[in-house]
Amino acid sequence: MKNYLRSAPVTVVFMVLCIGAWLATAVQGRTLATPYYESSLAQDWTLWGPDAAAHPAMVLTAGFMHLDAGHVLVNMVMLLFVGREVERALGSALYAAAYLISVVGSSAAVLWMDFDTPTVGASGALFALMGLLIGVYRSRGLDLRAPIVLVVANVIYSFVAENVSVWGHLGGLLTGLLLAPFLFRKRTWLRWLGIWIIGVIAAVAAALRAGLWG
């Protein structure tokens with residue numbers, strides 16, 4: 001665990017935030033079965049189009065909230081393995097920025113394509129990380145089939161599974177793929193330029209659909 005913390009500290013922080021938020025809902029709702037539906041915190045952190053203008057922070061907070069133990073467990077296992085590889089490749093600061101932008105990009109897609117559906121979960125950002133994992137493999141000269149299969153399998157799952165935010169997943173994946181051409185450049189300034197460009201696009205897209213500017 002110490003080695004993991006040293007090599008992927010930001011991933012650990014994101015995991016702690018997600019697990020901590022879910023535990024807070026369990027305490028508040030006094031149940032481990034379906035704490036989301038019994039917690040005002042969970043409702044406040046949920047992305048829901050009609051409330052987005054009044055509570056714009058939900059564009060980000062939704063990425064750290066989960067429905068139940070199974071939901072948070074599956075996402076944290078994926079973050080544990082994929083997040084570490086991407087963070088080690090990008091460095092913690094760049095990785096943190098990319099992750100948060102991916103949450104916003106995922107939320108923007110939900111607002112535009114599924115405005116009236118309440119949405120929570122880290123999976124939008126995880127889809128972005130899976131897209132970035134392809135870039136990690138490419139930068140290391142590794143066989144790309146494994147990360148590509150991972151992405152394709154999860155996209156297929158998004159369309160066949162129930163209670164899954166297809167647009168949240170696709171929005172996150174698109175954000176990751178848009179970031180990838182910048183984040184694996186040798187020049188640091190090009191990497192951060194990509195962060196700013198894609199970050200602004202994601203934020204503006206979310207703000208426009210949320211109605212923050214009328």
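These numbers come from the heavy atoms of this one structure, side chains and all, not from hydrogens, waters or symmetry mates.
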Could you tell me which non-hydrogen atom of [X] sits nearest to which non-hydrogen atom of [Y], and how far apart they are?
X      : Y      : answer
Pro50  : Asp116 : CG-OD1, 3.7 Å
Val164 : Tyr157 : CG2-CE2, 4.2 Å
Ala125 : Val103 : CB-CG2, 3.8 Å
Thr117 : Val110 : O-CG1, 4.4 Å
Asp143 : Tyr137 : O-CD2, 3.1 Å
Ala210 : Leu111 : CB-CD1, 4.3 Å

Look up atom [atom1] in [X] and atom [atom2] in [Y], then write down how far apart they are to the nearest 0.5 Å.
X      : Y      : atom1 : atom2 : result
Leu94  : Phe182 : CG    : CZ    : 12.0 Å
Asp44  : Ser39  : CG    : OG    : 8.0 Å
Leu23  : Cys18  : CG    : SG    : 11.0 Å
Leu73  : Trp22  : CG    : CH2   : 9.5 Å
Leu79  : Ile19  : CG    : CD1   : 9.0 Å
Leu129 : Thr175 : CG    : OG1   : 11.0 Å

Is a side-chain N or O of [X] found less than 3.5 angstrom from the main chain of [Y], in a donor-acceptor match?
X      : Y      : value
Arg185 : Pro181 : yes
Asn154 : Leu150 : yes
Trp48  : Thr119 : no
Ser107 : Val59  : yes
Ser106 : Ser102 : no
Ser158 : Val166 : no
Thr34  : Tyr37  : no
Gln28  : Ser40  : yes

Taking the side chain as every heavy atom from C-beta outward, state whether [X] and [Y] have any pair of such atoms under 4.5 Å apart.
X      : Y      : value
Leu170 : Phe159 : yes
Thr61  : His55  : no
Leu47  : Val120 : no

Report yes or no: do [X] and [Y] belong to one cluster of Ile/Leu/Val/Met/Phe/Trp/Tyr joined by side chain heavy-atom distances under 4.5 Å?
X      : Y      : result
Val104 : Trp112 : yes
Leu144 : Leu177 : yes
Trp189 : Trp196 : no
Leu80  : Leu90  : yes
Ile201 : Leu208 : yes

Report the residue from Val136, Val86, Leu132 that forms a side-chain contact (heavy atoms from CB on, under 4.5 Å) with Leu183.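 Answer to the side-chain contact (heavy atoms from CB on, under 4.5 Å) test with Leu183 among Val136, Val86, Leu132: Leu132.
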For side chain to side chain contact (heavy atoms under 4.5 Å, CB included), just list the numbers for Val155 and Val151, CA-CA rounded to whole Å, side-chain angles, deciding distance to a tenth of an Å, and then say yes or no. CA-CA 6 Å; Val155 169; Val151 169; 4.2 Å; yes
Do Glu87 and Arg84 sit within salt-bridge range, that is, some charged N less than 4.0 Å from a carboxylate O?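 Judged by the 4.0 Å cut-off on N to carboxylate O distance, Glu87 and Arg84 do not form a salt bridge.
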Give the C-alpha distance, both sets of side-chain angles, the deciding distance and a yes or no for side chain to side chain contact (heavy atoms under 4.5 Å, CB included) between Ile101 and Ile195. CA-CA 8 Å; Ile101 287 169; Ile195 288 291; 3.5 Å; yes
Taking atom CZ as the centre, does Arg140 end up with more than 12 heavy-atom neighbours from other residues, nucleotides or ligands that are less than 6.0 angstrom away?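 Yes - once you tally the heavy atoms of other residues, nucleotides and ligands closer than 6.0 Å, there are more than 12.
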My understanding is that only one of Thr25, Asp68, Thr46 makes a side-chain hydrogen bond (donor to acceptor under 3.5 Å, both in side chains) with Tyr36; could you say which?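 Single pass found, and it is Thr46.
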Apply the side-chain hydrogen bond (donor to acceptor under 3.5 Å, both in side chains) test between Ser123 and each candidate in His71, His66, His169; give the one that qualifies.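 So the option named by the test is His169.
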Report yes or no: is the cationic atom of Arg191 (NZ for Lys, CZ for Arg) closer than 6.0 Å to the six-membered ring centre of Phe184, at no more than 45° off its axis?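 Because its charged atom misses either the 6.0 Å distance or the 45° angle limit, Arg191 does not stack over Phe184.
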Do Thr11 and Tyr99 have side-chain atoms, one donor and one acceptor, less than 3.5 Å apart?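 Short answer, no.
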Take Val72 and Met65, measure what side chain to side chain contact (heavy atoms under 4.5 Å, CB included) needs, and give me the verdict at the end. CA-CA 8 Å; Val72 72; Met65 184 56 64; over 6 Å; no
Could you walk me through whether Met58 and Trp45 pass the side chain to side chain contact (heavy atoms under 4.5 Å, CB included) test, one step at a time? CA-CA 5 Å; Met58 65 174 57; Trp45 280 27; over 6 Å; no
